[in-house]
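Here's the structure, in structure tokens; my notes come after.
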Amino acid sequence: MKEKELERLKSMLEIEEDLYEKGYNFICGVDEAGRGPLCGPVVAAAVILPKDVCIEGVNDSKKISEKKREKLYDEIINKALAIGVGISDVDVIESVNILNATKLAMKQAISNLNVTPDYVLIDGNQMIDIDIEARTVVSGDAKSESIAAASIIAKVTRDRMLRKWDEDYPEYGFAKHKGYGTKMHIEAISKYGLSPIHRPSFCKKFIKE
């Protein structure tokens with residue numbers, strides 16, 4: 001491992017190491033993927049890594065190539081003590097709004113862990129209602145290995161869902177843009193209207209009345 005990468009990873013373990021010193025053993029990182037896209041669910045992941053694990057290359061999922069994310073996904077799955085995933089689909093997003101749908105997905109991800117965490121690190125600045133000690137970490141996916149690992153699990157899980165939907169609705173190009181509002185995607189919405197996985201409240205300005 002290069003010295004620069006080692007230093008970066010060491011800095012990403014500082015939050016967890018401080019918590020270990022305070023007596024916490026099972027520290028869970030939580031992050032989401034899919035708040036911004038025009039379609040598909042918001043997916044959250046919760047990851048508990050062993051104390052002594054330092055996974056080379058783990059970073060904010062947006063800073064890693066798709067190929068590398070897939071490789072890291074497998075490594076995280078193999079090395080983690082526990083992983084939970086939560087999904088809020090389009091109906092949930094439309095009924096409770098994207099922020100609340102994200103919080104629900106995060107709570108579901110934590111509840112789906114097969115190891116109960118004693119501390120939770122949540123990416124961003126929005127606390128979620130859980131009966132476990134927790135704190136938010138702004139830009140946590142670049143500051144905490146646990147949160148970064150969760151961001152990769154969430155992103156890969158969601159991307160795989162969009163690639164599957166691309167087979168059902170090939171005209172939208174979901175496999176390429178993963179639901180984000182690219183020129184290609186907006187043009188497809190204008191031409192074909194909304195698919196069952198689009199978020200109507202996100203697409204109002206792209207569809208003709």
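Note that these values count all heavy atoms, side chains included, but never hydrogens, waters or copies made by symmetry.
- By the 4.5 Å heavy-atom criterion applied to side chains, L121 and I27 are counted as neighbours.
- Using a 4.0 Å cut-off between a side-chain N of Lys or Arg and a carboxylate O of Asp or Glu, K10 and E14 do not qualify as a salt bridge.
- Distance alone, capped at 3.5 Å, is enough to place a donor-acceptor pair between the K107 side chain and the D129 backbone.
- For R35 (side chain) and I98 (main-chain N/O), no donor-acceptor pair under 3.5 Å exists by modelled atom type.
- Residues I110 and I48 fall within the same hydrophobic cluster, defined by Ile, Leu, Val, Met, Phe, Trp and Tyr side chains chained together at heavy-atom separations under 4.5 Å.
- For K51, the NZ atom is densely surrounded, since the number of other residues' heavy atoms within 6.0 Å is greater than 12.
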Quiz item: What do the steps show when you test I132 against C28 for side chain to side chain contact (heavy atoms under 4.5 Å, CB included), and what is the final call?
Solution: CA-CA 10 Å; I132 305 167; C28 169; over 6 Å; no
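- The residue from K155, K71, K178 that alone fulfils the salt bridge (charged side-chain N to carboxylate O under 4.0 Å, His left out) condition with E66 is K178.
- Counting heavy atoms from C-beta on, the side chains of E133 and D118 never come closer than 4.5 Å.
- Looking at T102 and E32, their side chains never bring a donor and an acceptor atom within 3.5 Å of each other.
- Contact annotation: the side chain of E56 never approaches that of L72 to less than 4.5 Å [non-hydrogen atoms, C-beta and beyond].
- Under a 4.0 Å N-O distance rule, the pair E70/K67 does not qualify as a salt bridge.
- K62 has a carboxylate O that lies under 4.0 Å from a charged side-chain N of D141, or vice versa, which qualifies the two as a salt bridge.
- With hydrogens and angles ignored, the 3.5 Å screen pairs a side-chain donor or acceptor of Q108 with a backbone N or O of I87.
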Exercise. List the steps and the verdict of salt bridge (charged side-chain N to carboxylate O under 4.0 Å, His left out) for D159 and R69.
Key: CA-CA 10 Å; D159 283 359; R69 279 198 302 267; 3.4 Å; yes
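- In this structure, F174 and H177 have perpendicular ring planes: the angle between them is above 60°, well past the 30° mark.
- Residues E145 and I55 are in side-chain contact: their nearest non-hydrogen atoms beyond the backbone lie under 4.5 Å apart.
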Self-check item: Worked verdict on C54 versus L13 for side chain to side chain contact (heavy atoms under 4.5 Å, CB included)
Solution: CA-CA 8 Å; C54 185; L13 287 165; 4.0 Å; yes
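- Side chain of R199 to backbone of E94: no donor-acceptor contact under 3.5 angstrom is found.
- In this structure, S144 contributes its side chain and G140 its backbone to no donor-acceptor pair below 3.5 Å.
- Between the side chain of S61 and the backbone N or O of I152, no donor-acceptor pair lies under 3.5 Å.
- I128 CD1 to N100 CG: the interatomic distance, rounded to the nearest 0.5 Å, is 12.0 Å.
- The cluster map of Ile, Leu, Val, Met, Phe, Trp and Tyr, joined by side-chain heavy atoms under 4.5 Å apart, puts F26 and I130 in the same cluster.
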Practice problem: Assess whether salt bridge (charged side-chain N to carboxylate O under 4.0 Å, His left out) is satisfied between K79 and E75, documenting all intermediate values. | Solution: CA-CA 6 Å; K79 291 182 176 176; E75 190 171 353; 2.7 Å; yes
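- Judged purely by distance below 3.5 Å, without hydrogens or angles, the side chains of T182 and H185 never pair a donor atom with an acceptor atom.
- Side-chain contact check for E16 and Y119: no donor-acceptor pair (N or O, by modelled atom type) lies under 3.5 Å.
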